[in-house]
Engineer: 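I am attaching a structure below and will ask some questions about it afterwards.
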Amino acid sequence: MARERRAPAGPFDYSRKLSLRLVFIIGAIFLYAPIVVLVIFSFNDSRRGGNVIWKGFTTKYYEKAFNNDALVEAFINSLAIAFISTLIAVILGALTAVVLWRFRFPLKPVFEGMVSLPIVIPEICMGVSLAVFFSSFGLYVPRDMPFPLNLTNIIIAHITFSFPFAAMVIRTRLNSFNREMEEAAKDLGATEFQVFRDILLPHMKPGLVAGALLAFTLSLDDFVITFFTSGPNTVTFPIKVYSMVRFSVTPEINAASTILILITLLVTFLAMRFQSFEEPRQ
Amino acid sequence: MNKSESPIISVKGVTKRFGSFTALQDISLDIRPGEIFALLGPSGCGKSTLLRIIAGLETATEGTVAIDGQDMTGIPANKRPVNMVFQSYAVFPHMSVADNVAYGLKLERRPAAEIREKVAEALAQVHLSDFAHRKPDQLSGGQRQRVALARALVKRPKVLLLDEPLSALDAKLRDAMRLELVKLQESVGVSFVIVTHDQSEALAMADRIAVLKDGVLRQLDSPAALYKRPVDRFVADFIGSINMFAVTGRRAEGGDAARLETAELGAIAVPAAHLPAAGKGALTLAVRPERVKVGAKAQKEAQGEGGLVSVAGRLGDVAFQGNSSIVEVLLEGGGSLSALVSEAEADHLMQAESGSPITAWWALDDMLILPENATAA
Ligand SMILES: Nc1ncnc2c1ncn2[C@@H]1O[C@H](COP(=O)(O)OP(=O)(O)O)[C@@H](O)[C@H]1O
Ligand SMILES: [Mg+2]
């Protein structure tokens with residue numbers, strides 16, 4: 001190492017070491033090449049989405065996707081489920097995180113373990129158990145309920161698997177909270193509630209945003225658990241795409257997926273903007 | 001020393017236990033209006049705990065705290081008329097400097113115009129007027145501390161509590177800040193209670209100092225009295241530097257004298273009146289380096305009638321300290337002692353070779369006879 005003329009590369013100087021650069025490039029290709037291909041071929045003027053031969057540029061599959069009522073409905077369902085389940089998951093996750101961080105109580109480790117258990121339980125098991133739970137207790141919401149109440153079961157299922165993630169992220173954020181901050185606020189005259197609202201909540205905000213982002217993306221692309229808890233009338237985007245792919249892969253699916261990617265990117269971008277407004281560099 | 005005013009804070013018999021561990025034991029002390037009061041002691045002796053009990057952030061297991069004559073038992077931190085500057089400063093990172101300072105006033109629901117005026121005044125007081133709109137992450141440590149000071153002072157507390165206010169600053173800033181805190185206290189007029197483990201800080205700033213050790217109040221006195229008349233070995237050792245010799249034997253010697261044996265100095269006859277009245281444990285003889293004279297031969301000077309203690313030794317290291325030097329004397333009976341000498345004396349001594357015979361002496365009246373612990377029964 002000492003023989004190098006330049007200072008030896010530190011452990012985090014990724015760009016300085018050729019081997020690391022190579023790993024990075026290969027990783028990036030594996031991650032993004034399929035997505036790039038998907039986006040490119042959503043504009044391919046071919047009848048088969050999996051066709052690797054470029055037949056000319058067209059946007060007609062976007063048009064087709066927008067005119068596919070079933071696909072649009074599935075899309076709207078997915079977004080509604082994601083928004084509602086994220087909102088509730090973050091609130092539940094935040095409350096859980098604060099309780100776990102703040103209080104000592106008997107069996108706390110057990111409780112803590114139980115909260116994070118859904119993260120490691122295989123999705124298929126959760127899907128089956130939720131389905132069995134809903135049906136054996138007669139908890140399925142009738143199919144003819146108005147939107148979005150007809151999605152209640154899926155929303156509950158999504159909250160169940162996404163709130164532990166939100167709780168973990170927020171809990172981690174809370175670990176960096178300086179308790180003297182809380183005491184300082186109290187010393188200046190703040191009540192418990194004012195401490196929470198004025199001091200703790202602003203500190204938690206990046207955790208809330210990150211938790212929400214996680215819950216949102218988890219919900220948006222969930223297939224397994226949704227598959228088990230949805231009825232025939234409540235189809236989500238991933239399930240719709242799956243059923244379409246079973247017949248044939250058309251560029252329509254590419255187009256719809258591209259729109260989904262765009263929405264995810266937009267949400268992420270907005271969340272990050274929001275965060276950098278509220279929380280300047282530490 | 002004999003102010004007739006009633007104390008602004010009165011701590012009575014405060015004991016604090018964390019489980020089976022006793023952090024504070026039966027502490028009683030009064031803090032006077034307008035004074036700088038230091039809580040001094042080594043790390044872990046319970047200083048912060050006592051400060052937090054006064055602030056209401058911790059509850060005493062036994063005993064009471066009264067602020068301005070009012071018993072504070074059961075009154076939570078947010079309702080007490082004292083404010084605190086925390087060791088980490090605890091400046092709110094998501095609020096601007098001005099918002100940090102305004103926070104306590106906003107909680108009091110004061111009118112906006114009044115808040116603005118008071119915040120501006122407080123920021124001017126700590127020289128932060130130009131930084132009002134900065135966020136704390138754009139400030140230096142010293143500036144963050146000023147925010148914490150302004151934030152607490154703007155509430156017009158009856159007492160300002162400061163937990164190790166200077167420990168997080170670098171050495172140069174620390175010295176400047178000492179002076180500035182004293183000036184600030186003079187201008188606002190409220191009492192400051194300053195927690196510190198640095199005896200020089202306490203000596204330089206405080207009007208009175210309470211020395212704590214393992215949760216016990218060892219001595220409460222003015223800086224000069226602590227230095228000149230420490231009540232026990234711990235206080236003498238903790239405040240300033242001092243030469244100490246353990247007493248190994250003690251014999252009454254007719255009339256009002258006693259003979260104390262030490263390994264280093266041999267037997268010394270002292271008037272019984274010099275012996276400590278209270279305390280237990282082995283005795284220690286102690287003398288400050290600036291009271292020790294060195295030379296070829298002991299010379300009695302015109303000071304006191306109590307006689308001299310002199311001891312033979314050899315010249316050790318001489319450490320230059322600017323306008324004075326510390327001379328190390330290696331004693332024949334083992335051990336060593338240090339003496340503070342003037343520049344001229346040091347020059348003279350430097351001519352002698354290291355290891356050459358030398359005598360150290362001091363007036364008997366300058367020698368302290370200390371118990372191990374004056375408070376122990
Ligand atoms: N909340 C607590 N629980 C248990 N022990 C504590 C707690 N707070 C302080 N202590 C203990 O009490 C002793 C005094 O602490 P402290 O007042 O912070 O000391 P210092 O004089 O250094 O400020 C220490 O030994 C510390 O470990
Ligand atoms: Mg402390």
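Each chain gets a letter, A, B and so on, in the order its sequence line appears, and its residues count up from 1. We use all heavy atoms of the structure for the numbers below, so side chains are in, but hydrogens, waters and symmetry mates are not.
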Engineer: Could you check whether any side-chain N or O of B:S28 sits under 3.5 Å from a backbone N or O of B:G13, counting only pairs where one atom can act as donor and the other as acceptor?
Structural biologist: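 The answer is yes, because a donor-acceptor pair under 3.5 Å joins these two groups.
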Engineer: Strictly distance-based, threshold 3.5 Å: is any side-chain N or O of B:R32 a donor or acceptor partner for the main-chain N or O of B:P7?
Structural biologist: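 Side chain of B:R32 to backbone of B:P7, a donor-acceptor pair under 3.5 Å: no, none is there.
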Engineer: Non-hydrogen contacts under 4.5 angstrom with chain A: give the residues of residues 100-114 of chain B involved, or none if there are none.
Structural biologist: B:Y103, B:G104, B:L107
Engineer: Check whether any side-chain N or O of A:T229 sits under 3.5 Å from a backbone N or O of A:I154 as a donor-acceptor pair, and report yes or no.
Structural biologist: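 Side chain of A:T229 to backbone of A:I154: no pair is present.
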Engineer: Write out, in numerical order, the residues from residues 47-85 of chain B with a heavy atom short of 4.5 Å from a heavy atom in chain A.
Structural biologist: B:R52, B:A55, B:L57, B:A77, B:N78, B:V82, B:N83, B:M84
Engineer: Would you find a donor on one side and an acceptor on the other, under 3.5 Å apart, between the side chain of B:R134 and the backbone of B:L139?
Structural biologist: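 No.
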Engineer: With rounding to the nearest 0.5 angstrom, report the OG to CG distance, A:S85 to A:D222.
Structural biologist: 9.5 Å
Engineer: Just checking, any donor-acceptor pair under 3.5 angstrom between side chains of B:S191 and B:E35?
Structural biologist: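 The criterion, which ignores hydrogens and geometry beyond distance, is not satisfied for B:E35 and B:S191.
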Engineer: Kindly indicate whether the side chain of B:D163, heavy atoms from C-beta on, has any atom under 4.5 Å from the side chain of B:F86.
Structural biologist: no
Engineer: Under the criterion side chain to side chain contact (heavy atoms under 4.5 Å, CB included), I'd like the reasoning laid out for B:L40 against B:L212: C-alpha separation, chi angles, the key distance, then a yes or no.
Structural biologist: CA-CA 6 Å; B:L40 174 66; B:L212 276 85; over 6 Å; no
Engineer: Consider only side-chain N and O atoms of A:T86 and A:H158, and report whether a donor and an acceptor are under 3.5 Å apart.
Structural biologist: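 On atom types as modelled, these side chains do not qualify, holding no pair under 3.5 Å.
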Engineer: Please list, in residue-number order, every residue in residues 106-121 of chain A that has a heavy atom less than 4.5 Å from any heavy atom of chain B; write 'none' if there are none.
Structural biologist: none
Engineer: Kindly say whether A:F75 contributes a backbone atom to a donor-acceptor pair with the side chain of A:S78 at under 3.5 angstrom?
Structural biologist: no
Engineer: Just verifying a value: how many Å separate B:L123 CG and B:K118 NZ, rounded to the nearest 0.5 Å?
Structural biologist: 14.0 Å
Engineer: Just by distance, do the side chain of B:Q185 and the backbone of B:V190 share a donor-acceptor pair under 3.5 Å?
Structural biologist: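 Yes; at least one donor-acceptor contact below 3.5 Å.
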Engineer: Students often mix this up, so state it plainly: with edges at 30° and 60°, are the rings of B:F92 and B:H94 parallel, tilted or perpendicular?
Structural biologist: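 The rings of B:F92 and B:H94 sit tilted, inter-plane angle from 30° to 60°.
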Engineer: Output yes when a side-chain donor or acceptor of A:R173 lies under 3.5 Å from a complementary backbone atom of A:H203, and no otherwise.
Structural biologist: yes
Engineer: Measure from the side-chain N and O atoms of B:T22 to the backbone N and O of B:L24, and report whether any donor-acceptor pair falls under 3.5 Å.
Structural biologist: no
Engineer: Search all heavy atoms of B:T196 against all heavy atoms of B:E164 and return the closest pair with its distance.
Structural biologist: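 Between these two residues, the closest heavy atoms are CA-OE1, 4.0 Å.
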Engineer: Within residues 174-197 of chain A, which residues come under 4.5 Å of chain B, heavy atom to heavy atom?
Structural biologist: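 Within residues 174-197 of chain A, the residues that come under 4.5 Å of chain B (heavy atoms only) are A:N178, A:E180, A:M181, A:E183, A:A184, A:A185, A:K186, A:D187, A:L188, A:G189, A:A190, A:T191, A:Q194.
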